[in-house]
Amino acid sequence: MSNTKVKRRTILDLQAMKSSGEKIAVLTAYDFPFARIMDQAGIDIILVGDSAGSVVAGYDTTLPVTMEEMLYHTRAVVRGVERALVVADMPFLSYQVDLSEARRNAGLLIKEGGAQAVKLEGGENVAETIRAIVAMDVPVVGHIGLTPQSIHRMGGYRVQGREDAQAKQLLADAVAVTEAGAFAVVLEGIPADLAKQITAAVAIPTIGIGAGVDCDGQVLVIHDILGLCEKYSPKFVKRFADVSGTIRQGIDDYISEVKGGSFPGPEHSF
Ligand code: KIV
């Protein structure tokens with residue numbers, strides 16, 4: 001057995017990657033086996049997204065996700081990870097009510113969840129919250145543009161920042177999040193040109209999802225890239241594998257062997 005300790009990615013590494021132009025690869029995970037596979041594959045950041053609400057729990061939005069659920073998923077992911085930086089999403093209503101609740105919940109994701117950083121949605125409107133969390137030495141990732149927790153304000157999951165006024169606001173949001181102390185910012189569902197402009201304007205790494213190729217890194221939901229979600233697939237998702245088909249085949253084979261009496265065979269019996 002080797003005693004070599006794997007060096008974990010830190011927020012300093014990410015800043016260095018932005019400076020050197022090395023792209024940052026990010027995926028979501030919600031459990032131990034997926035986290036372990038992507039960590040061994042060399043992913044830079046694992047985001048325990050509140051997208052768990054949609055892709056694991058089957059809700060239509062991320063709004064019902066609770067702190068207890070995020071803590072559960074975060075602990076499971078952390079147990080599978082040695083190298084990647086683990087970022088845990090702050091679910092709806094865990095940081096919006098007041099600063100002390102926001103600080104406590106961010107702290108819980110670090111202390112009980114075992115994450116190294118938290119992510120929360122919003123721009124200028126959450127700058128004070130980011131500042132308060134960063135002040136207790138918890139690293140924060142911002143998230144602007146198409147912010148799923150704001151679905152009812154946005155009137156659906158629509159691209160943000162197409163009009164001038166909205167684009168200006170998003171630029172101001174990125175600056176506000178940076179000045180508040182976030183170490184990275186997710187840009188979701190915004191025009192590629194605007195994402196390029198924001199990436200050039202802020203010193204921290206930008207992580208795009210539906211924001212074009214000029215961001216400092218990219219993030220996607222693991223279930224989407226593996227074809228595990230048959231419901232709705234946004235334009236920005238690329239399917240890198242069809243795992244649903246493989247799972248379905250395995251289950252079909254299992255059912256037919258059980259029904260046909262060929263499983264378990266002698267090699268699986270005592
Ligand atoms: O919850 C999530 O998975 C996210 C990413 C898609 C950015 O916030």
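Both ligands and their constituent atoms are indexed starting at 1 by order of listing. Heads up: numbering here begins at 1 and tracks the sequence.
Between the side chain of R158 and the backbone N or O of G155 there is at least one donor-acceptor pair closer than 3.5 Å.
Taking each heavy atom of P64 and E69 in turn, the nearest pair found is O-OE1, 4.0 Å. Looking at every heavy atom in both residues, I46 comes nearest to A84 through CG1-CB, 3.9 Å.
Around atom CG of D193, no more than 12 heavy atoms belonging to other residues, nucleotides or ligands sit under 6.0 Å away.
Side-chain contact, E124 with Q169: a donor N or O sits under 3.5 Å from an acceptor N or O.
A salt bridge does not link D164 to K168: none of the charged nitrogens lies less than 4.0 Å from a carboxylate oxygen.
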Pick out the protein N or O atoms lying less than 3.5 Å from any N or O of ligand 1, and list each pair with its distance.
from: ligand 1; atom 1: 1 (O); to: D50; atom 2: N; distance (Å): 3.2
from: ligand 1; atom 1: 1 (O); to: D50; atom 2: OD1; distance (Å): 3.0
from: ligand 1; atom 1: 1 (O); to: S51; atom 2: N; distance (Å): 3.0
from: ligand 1; atom 1: 1 (O); to: S51; atom 2: OG; distance (Å): 3.3
from: ligand 1; atom 1: 1 (O); to: D89; atom 2: OD2; distance (Å): 3.1
from: ligand 1; atom 1: 3 (O); to: S51; atom 2: OG; distance (Å): 2.5
from: ligand 1; atom 1: 8 (O); to: K119; atom 2: NZ; distance (Å): 2.9

